**Q** 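Structure below; questions to follow.
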Amino acid sequence: MAEEQDLSTATDEVIHETVLAWLKDNWRTDRPLAEWRNILVDGGWAAPDWPTECYGRGFSLAQAQVVQRAFREVGAVGAALGGPGNLAAHTILAHGNEAQKRRYLRPILTGEHAWCQLFSEPGSGSDLAGLTTRAKRDGDNYIINGQKVWNTSAHHADFGILIARTDWDAPKHQGISYFLINMRQPGVEVRPLRQMNGHASFNEVFLTDALVPVTDRLGNEGDGWRIASSTLSAERQAFSRDRGIGTLREREGTIYAEYAAEQAIAQEPYTWYPQRAGRVDLALPRAMATGAIRDPVVRQELARLLCLAHAAEYAAASAAATRRAGSNTIVPAGSIAKLTASLIARQASHVHTLVSGPEAMLGGSDGPMDGVIAEILLSVPAISIAGGTDEIQKNIISERVLGLPKEPRFDTGPFRDIPRNAS
Amino acid sequence: MAEEQDLSTATDEVIHETVLAWLKDNWRTDRPLAEWRNILVDGGWAAPDWPTECYGRGFSLAQAQVVQRAFREVGAVGAALGGPGNLAAHTILAHGNEAQKRRYLRPILTGEHAWCQLFSEPGSGSDLAGLTTRAKRDGDNYIINGQKVWNTSAHHADFGILIARTDWDAPKHQGISYFLINMRQPGVEVRPLRQMNGHASFNEVFLTDALVPVTDRLGNEGDGWRIASSTLSAERQAFSRDRGIGTLREREGTIYAEYAAEQAIAQEPYTWYPQRAGRVDLALPRAMATGAIRDPVVRQELARLLCLAHAAEYAAASAAATRRAGSNTIVPAGSIAKLTASLIARQASHVHTLVSGPEAMLGGSDGPMDGVIAEILLSVPAISIAGGTDEIQKNIISERVLGLPKEPRFDTGPFRDIPRNAS
Amino acid sequence: MDMGFTADQHQFRETVARFLQDKSPPTTVRKLMATEAGYDTAVWRQLTGELGLAGTHLPEDYGGFGFGPVELGIICEEMGRHLYCGPHFASAVMAGYAVLLGATEANRTQLLPDIASGGTIATLVLDNVGDATRVGESITARDDARLTGQARIVLDAHVANLLIVAAATAEGLALFTVAPDAPGVAITPLQGIDSTRKLNTVVFDDTPADRISRTPLDIADLWDHLSVALAHEMMGGAQRLFDTTLDYLKMRVQFGRTIGSFQALKHRCADLLTELELAKAATYAAARYLTTGDGERYSPHMAKAMAGDAYMAMARQAIQLRGGIGFTWEEDTHLWFKRAKSSEVFLGTPDWHRERIMQQLEATHG
Amino acid sequence: MDMGFTADQHQFRETVARFLQDKSPPTTVRKLMATEAGYDTAVWRQLTGELGLAGTHLPEDYGGFGFGPVELGIICEEMGRHLYCGPHFASAVMAGYAVLLGATEANRTQLLPDIASGGTIATLVLDNVGDATRVGESITARDDARLTGQARIVLDAHVANLLIVAAATAEGLALFTVAPDAPGVAITPLQGIDSTRKLNTVVFDDTPADRISRTPLDIADLWDHLSVALAHEMMGGAQRLFDTTLDYLKMRVQFGRTIGSFQALKHRCADLLTELELAKAATYAAARYLTTGDGERYSPHMAKAMAGDAYMAMARQAIQLRGGIGFTWEEDTHLWFKRAKSSEVFLGTPDWHRERIMQQLEATHG
């Protein structure tokens with residue numbers, strides 16, 4: 001890396017060729033995955049959009065995409081940057097001190113450490129800042145007690161990003177601190193949480209006198225909410241990004257086998273996500289295959305679905321164009337896109353029901369499409385809840401985009417005096 | 001009346017026969033209407049459910065219906081008890097003093113005095129108690145200044161029931177007083193208010209130093225809201241009652257001609273009300289006549305409409321049965337029925353649109369059914385506003401029926417400090 | 001038309017409700033739905049024995065109690081509310097009504113008492129449970145004595161000791177009895193999305209059968225009766241979801257206030273109540289139509305169409321208004337959601353029923 | 001597919017918007033809608049002359065400016081927003097597109113320049129404005145020279161000096177020109193529910209006409225172009241209603257607070273915005289499809305279907321959220337409500353367009 005020039009001002013073509021040349025020298029499919037990832041990090045290509053002092057090259061997102069494209073062309077495996085690890089890295093980069101960056105970033109990129117997110121609690125869902133997990137300073141440690149929920153991948157995580165309350169007399173957003181917690185300790189118990197569709201993609205995490213060294217607090221005491229907001233913003237951006245399970249998994253070679261195994265674990269919680277979104281792709285083919293397409297009423301509902309789905313694509317393309325044009329117009333794309341996703345999923349579920357008729361009663365291997373339709377019908381209810389309920393999106397749109405007055409507040413003053421759920 | 005026995009404990013049969021006998025002696029179609037109404041009042045049959053000391057017989061509503069039935073059988077015209085006059089009488093009976101009852105009740109029954117209601121204001125619609133019409137005591141009079149709106153029949157009314165604010169330092173519901181105002185005075189100006197469907201069923205009433213003698217205040221100062229609530233409750237009951245334009249209007253005879261003329265004026269503001277409700281009766285015949293019934297999509301929408309309409313009838317019958325059974329179960333029939341009426345009208349409007357196709361663009365004599373369909377399309381928007389908006393009904397249902405918390409209040413304290421519309 | 005319930009009917013509902021509240025709490029439902037049989041035989045014996053619920057709607061001449069669709073509706077409503085796991089709908093409602101409405105006098109006399117007493121668990125085998133007009137397209141009878149064909153979805157056939165089968169004959173649709181262990185019968189359990197109601201595929205291959213009805217069977221009338229009973233069950237479930245959701249909204253705190261204080265949720269509850277009340281009114285009216293003939297001939301279709309939409313809307317909101325917890329397995333809402341989704345398509349989707357309404361209207365006005 | 005507008009397009013929109021804001025305020029709309037002609041000739045001259053809006057979408061070879069459906073969409077959107085009263089849609093859009101897409105080269109050269117300049121006010125006479133597949137069922141051509149039949153609804157025919165007529169010939173549908181004062185032409189004004197757009201019935205009785213197109217006319221393509229222009233107009237109207245309603249909600253006080261602070265209304269606004277943004281995205285995409293061929297072939301139908309539903313939903317709520325005042329004549333909302341209702345059925349209801357989507361999908365996948 002030291003010998004190379006600063007590419008952050010280079011053209012896309014130069015970047016592309018540089019990456020290809022580097023891959024030509026370094027990429028081999030018979031390497032162990034861990035070895036390759038270390039070479040990748042040392043070569044500066046693991047996360048080129050990170051700062052130069054943190055394994056990166058200070059590339060723009062567009063430049064980083066050029067790098068990605070070169071990797072795809074060669075079929076080279078990239079850094080282990082998916083899911084919660086990505087959010088942890090993003091947050092540590094923005095808010096961590098030097099020691100924290102040194103300790104945590106590299107193992108994220110190499111895949112040595114798996115991470116999870118410990119934000120939501122049973123008593124605070126939409127109202128995330130109402131959390132009651134307690135972090136009590138005790139010498140060089142914090143002692144953590146409380147319960148977290150909706151923790152994807154927590155059952156195989158090494159570390160977690162955690163928010164907990166350190167001050168009960170401060171207003172609710174100001175008494176929260178942000179921690180990096182070691183999941184491999186006695187005070188941390190992870191239990192899988194089963195959903196109505198039969199999957200168990202999430203966990204509950206019980207924290208009982210779990211310890212976090214003071215050196216693993218991110219930022220100052222009371223900064224937790226501000227830092228968590230930056231994690232959440234990164235999460236929202238990831239929400240709309242493709243979770244594409246790499247086509248690399250089908251390729252031959254030692255490294256691909258290891259990669260496929262890694263991805264199988266990482267992606268396991270998300271196998272039902274396409275069904276949650278309604279599987280619009282199946283609607284027309286199924287209607288044609290079953291003959292339901294001859295029913296004029298089904299035709300109307302199917303057309304409504306396709307209208308919604310296409311319009312959502314157009315709206316996304318239009319929002320992207322506006323962003324590219326650097327317009328300052330408020331484009332409420334995020335929340336509207338999320339509401340639209342709910343509309344689409346619901347309408348898709350309706351169409352799949354009509355098309356299936358009584359077969360919609362059946363699931364598993366007895367159900368239409370080997371259970372895929374049943375999984376749609378039983379997963380769609382989650383789309384309007386996960387990642388901020390439809391109701392929260394409508395609050396955001398009406399208040400932040402349309403400028404309508406905010407809801408009256410009943411949660412000001414010291415947190416300990418605010419009404420909350422019994423725990 | 002004096003010579004008769006107390007019939008309020010008599011059987012329905014006895015009442016029925018007594019009425020028929022009295023009508024046999026008194027009812028003549030060649031009498032002038034005014035003369036007949038005076039006979040009717042003196043005979044005690046104008047409002048038999050009123051108290052004996054006020055022209056009535058203390059009958060129950062069921063007994064009064066027996067009397068009505070006898071009148072219908074004979075084809076006899078009843079008292080002039082329709083619309084605002086009825087509401088005024090109801091309120092005066094409940095809250096008036098002896099002098100007020102003596103002065104105002106009889107001319108209502110005989111039809112000598114026409115009344116209107118002066119409650120709503122441009123600045124206070126859903127929030128009726130936010131009214132800002134001012135009543136200022138000046139010796140033996142109150143001086144009234146302000147503007148009222150939605151005043152059906154105000155243009156030919158002799159008197160009005162009026163609520164106005166007498167105390168601006170009291171909380172908003174407590175500073176209101178209730179008045180009986182003479183509409184035939186210089187300070188009262190009535191202007192017709194045209195609606196989007198072309199009709200002008202309502203008026204605006206401008207009150208500029210209009211006078212009300214202190215003796216025409218109903219109840220005490222500050223009692224206005226409580227008294228108005230009793231008027232409104234009577235209005236809600238009337239809302240669901242049949243506005244049937246008497247079949248008597250088609251009959252021959254002097255008195256019927258006079259009655260028809262009276263009714264033509266009284267009913268004129270209401271000619272579009274059936275269209276406002278969507279004219280469900282026309283949906284199937286029109287679909288069959290136009291051939292639209294062959295369209296499977298129209299069939300679905302039409303079936304939805306008929307389901308709603310029939311279910312509403314069943315629900316009303318069931319609510320009536322529950323009332324008859326004297327059950328104490330909370331039956332939220334009123335507000336639910338009103339919401340349902342909106343659903344029905346909207347769906348009817350949708351069906352009429354589909355059935356008419358491009359012809360829905362046309363109105364007046366060029367439009368389908370000589371303009372009736374256009375009048376439906378342009379009147380239906382009123383059904384979910386008039387008599388308490390859908391939103392107000394949903395507040396009532398959720399708070400009073402379902403026991404959900406009330407909206408946070410921003411209108412407590414002295415009225416003069418509450419934010420309100422610029423006037 | 002008097003739409004109220006009598007004091008006796010209210011009291012009957014109380015009795016049924018108390019029994020089910022005791023015998024069918026969610027913990028029991030969860031236990032039973034995980035079993036193969038899917039029901040508790042002891043509870044079934046009490047329910048049919050002491051309470052006589054399998055025979056409530058059957059005439060006294062056939063061992064029943066001589067009540068009708070209104071009282072059966074009350075039972076189904078309470079069973080839907082408590083998600084009772086057992087063969088009542090299959091045996092008492094589906095098979096019971098089929099025999100009552102379709103079988104000859106002799107067969108009624110022979111078959112109904114055991115169905116009414118609960119001693120026999122019967123089920124009705126229809127080769128189409130989505131479209132009444134297509135029943136008989138698969139299962140056909142040869143020589144009025146041997147059945148061949150498949151019924152894809154049959155309730156509780158795995159525990160039935162008597163199959164009532166609708167099959168096509170040369171003269172039209174007819175009813176047959178088949179013993180579950182007769183030659184050529186294959187009963188295969190299916191995975192349903194709603195595991196509180198067990199489903200099976202039933203296949204006949206030249207299976208000996210006895211015809212018990214004249215032909216043609218009035219399938220429309222039978223379907224009407226089944227639809228109305230199912231609509232009641234659905235309304236019970238929808239009411240349960242509404243009640244528990246309302247409780248949740250009054251209890252759950254976010255942003256320092258109960259979430260039931262948010263106007264958007266309050267108004268949604270008002271909308272849900274309105275839709276529920278309308279669907280219930282249509283359902284009760286349909287039961288009365290079946291009892292007295294008063295009201296709209298197509299009221300059974302209105303009932304099932306409105307119940308289907310209202311139950312699904314309620315189920316969807318019951319989850320949505322609970323947020324993430326509503327989507328978990330350990331919360332009970334999904335049990336009713338799955339019954340709602342299943343019932344939406346069983347015995348005809350709302351769209352199918354609406355189309356039938358129009359056909360009946362045209363037949364009347366045509 | 002790039003869905004953004006260019007800087008030039010933004011500026012063009014600004015120009016059109018400023019002009020219409022000045023020339024077509026509600027007071028002017030109300031004045032003009034009460035007149036027989038229904039428009040201001042001076043404004044029409046400026047609009048077509050200085051601004052050249054009638055020729056924006058027509059090729060330069062025919063006296064136009066050589067822009068396309070996107071720029072025409074901008075014009076229509078602004079006209080819908082300001083409820084411009086005048087023959088632009090009849091002449092520039094309907095007749096202009098008909099000649100451009102349907103006429104022979106010679107006829108285009110002869111007819112389009114005057115339409116582009118606004119010197120000729122033309123209109124398109126279709127004997128069915130609800131179903132493209134039924135055009136030509138009434139008006140037929142004899143010997144390619146004489147027309148007989150009726151068009152029930154024709155825009156602005158009362159002020160047109162050129163009628164472009166679609167009529168059935170032995171070889172299929174064709175376009176003809178007819179002079180409004182030709183023998184056998186009867187033009188009768190109609191009362192529309194939307195008096196800002198004047199309607200007429202046009203009857204031909206053996207009327208002399210000149211054929212200007214080859215046969216058969218591609219009516220589907222023409223209808224696509226008209227639908228997309230109309231969808232833009234509708235989106236402009238819907239946006240206007242949304243903007244003014246939002247203003248009202250922020251200003252109106254009840255119960256001591258602005259009614260826009262009530263969550264039920266806030267969430268409704270979020271829903272309306274979502275529906276509006278989706279319909280607009282579909283509309284813009286359809287204009288791009290017509291321009292470049294990129295995107296879904298059925299996108300014009302998606303645009304008109306979604307615009308129809310979104311405009312009506314918006315119009316209904318624009319009244320509802322204003323309460324009683326929204327229902328009065330003196331408030332302006334009803335002017336747009338009536339345009340919304342009229343546009344919902346003009347050139348095909350949403351249902352009709354959805355059915356067309358399915359037909360095109362089947363043709364592709366069949």
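Predicted, not measured: the structure shown is a model, and the values here were computed from it. Naming convention: chains lettered A, B, ... in sequence-line order (proteins, then strands); numbering from 1 in each chain. Side-chain atoms are counted along with the backbone in the values below, which use heavy atoms only and exclude waters and symmetry mates.
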**Q** Of B:Asn197, B:Leu282, B:Ile376, which meets side chain to side chain contact (heavy atoms under 4.5 Å, CB included) against B:Gln275?
**A**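 For B:Gln275, the side chain to side chain contact (heavy atoms under 4.5 Å, CB included) check succeeds only for B:Ile376.
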
**Q** State whether D:Trp223 and D:Arg356 meet the cation-pi test: NZ (Lys) or CZ (Arg) under 6.0 Å from the six-membered ring centroid, and within 45° of the perpendicular axis.
**A**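 Geometry flag: not set, cation outside 6.0 Å or 45°.
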
**Q** What residue in D:Gln263, D:Arg257, D:Arg252 has the most heavy-atom pairs under 4.5 Å with chain B?
**A**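 Top count of heavy-atom pairs under 4.5 Å with chain B: D:Arg252.
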
**Q** Let's go through B:Asn203 and B:Trp150 carefully: what are the C-alpha distance in whole Å and the side-chain angles of both, what is the deciding distance for side chain to side chain contact (heavy atoms under 4.5 Å, CB included) to 0.1 Å, and is it a yes or a no?
**A** CA-CA 6 Å; B:Asn203 299 282; B:Trp150 313 125; over 6 Å; no

**Q** Which bit of B:Leu377 comes within less than 4.5 Å of chain D, counting heavy atoms only: side chain, backbone, both or neither?
**A**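 It is both, since atoms from each part get that close.
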
**Q** With chain D, which of B:Leu193, B:Val149, B:Val380, B:Thr353 has the greatest number of heavy-atom pairs at distances under 4.5 Å?
**A**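 Maximum pair count with chain D is reached by B:Thr353.
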
**Q** Flag the one option from B:Ser356, B:Pro408, B:Gly130, B:Ala382 with the top tally of heavy-atom pairs under 4.5 Å to chain D.
**A**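 Ranked by heavy-atom pairs under 4.5 Å with chain D, first place is B:Ala382.
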
**Q** Among D:Glu355, D:Gln320, D:Lys341, which residue forms the greatest number of heavy-atom pairs with chain B at distances under 4.5 Å?
**A**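 Winner by heavy-atom pair count: D:Gln320.
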
**Q** With a 4.5 angstrom heavy-atom cut-off, which part of D:Leu190 approaches chain B: side chain, backbone, both or neither?
**A**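 Backbone plus side chain of D:Leu190, per the 4.5 Å heavy-atom cut-off to chain B.
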
**Q** Think B:Arg191 forms a cation-pi with B:Phe206, using NZ or CZ under 6.0 Å from the six-ring centre and within 45 degrees of its axis?
**A**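 Here B:Arg191 passes the 6.0 Å and 45° test against B:Phe206.
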
**Q** The test is salt bridge (charged side-chain N to carboxylate O under 4.0 Å, His left out); show your working for B:Glu391 and D:Arg268 and say whether it passes.
**A** CA-CA 11 Å; B:Glu391 289 76 14; D:Arg268 202 176 304 163; 2.6 Å; yes

**Q** Taking side chain as everything from C-beta outward and backbone as N, CA, C, O, which of these in D:Ile325 sits under 4.5 Å from a heavy atom of chain B? Side chain, backbone, both or neither.
**A**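 For D:Ile325, backbone heavy atoms alone lie under 4.5 Å from chain B.
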
**Q** Please identify, among B:Ser120, B:Ala200, B:Pro122, B:Gly367, the residue contributing the most non-hydrogen atom pairs under 4.5 Å to chain D.
**A**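 Greatest number of close heavy-atom pairs with chain D: B:Pro122.
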
**Q** Closer than 3.5 angstrom, by distance alone: can the side chain of B:Asp390 be matched with the main-chain N or O of B:Leu339 as a donor-acceptor pair?
**A**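 No; zero donor-acceptor contacts below 3.5 Å.
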
**Q** So which of D:Glu330, D:Arg316, D:Arg197, D:Glu331 has the largest heavy-atom pair count under 4.5 angstrom toward chain B?
**A**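 Heavy-atom pair counts peak at D:Arg316.
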
**Q** With a cut-off of under 6.0 Å to the ring centre and 45° to the axis, is B:Arg276 in cation-pi contact with B:Trp272?
**A**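 Because its charged atom sits under 6.0 Å from the ring centre and within 45° of the axis, B:Arg276 does stack over B:Trp272.
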
**Q** At a 4.5 Å cut-off on heavy atoms, which part of B:Ser365 comes close to chain D: side chain, backbone, both, or neither?
**A**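 It is both, since atoms from each part get that close.
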
**Q** Is the number of heavy atoms from other residues, nucleotides or ligands under 6.0 Å of B:Arg294 CZ greater than 12?
**A**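 Not more than 12 within 6.0 Å, no.
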
**Q** Looking only at heavy atoms and a cut-off of under 4.5 Å, which of D:His334, D:Arg152, D:Lys338 has the most pairs with chain B?
**A**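 Maximum pair count with chain B is reached by D:Arg152.
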
**Q** Honestly, is D:Arg322 close enough over D:Phe327, meaning NZ or CZ under 6.0 Å from the six-membered ring centre and within 45° of the axis?
**A**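 Pair D:Arg322/D:Phe327 does not count as cation-pi.
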
**Q** Side chain, backbone, both or neither: which part of D:Leu265 has an atom under 4.5 Å from a heavy atom of chain B?
**A**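 Just the side chain, heavy atoms under 4.5 Å.
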
**Q** With a 4.5 angstrom heavy-atom cut-off, could you sort out which part of B:Arg346 is near chain D: side chain, backbone, both or neither?
**A**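 For B:Arg346, the side chain is the part near chain D, not the backbone.
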
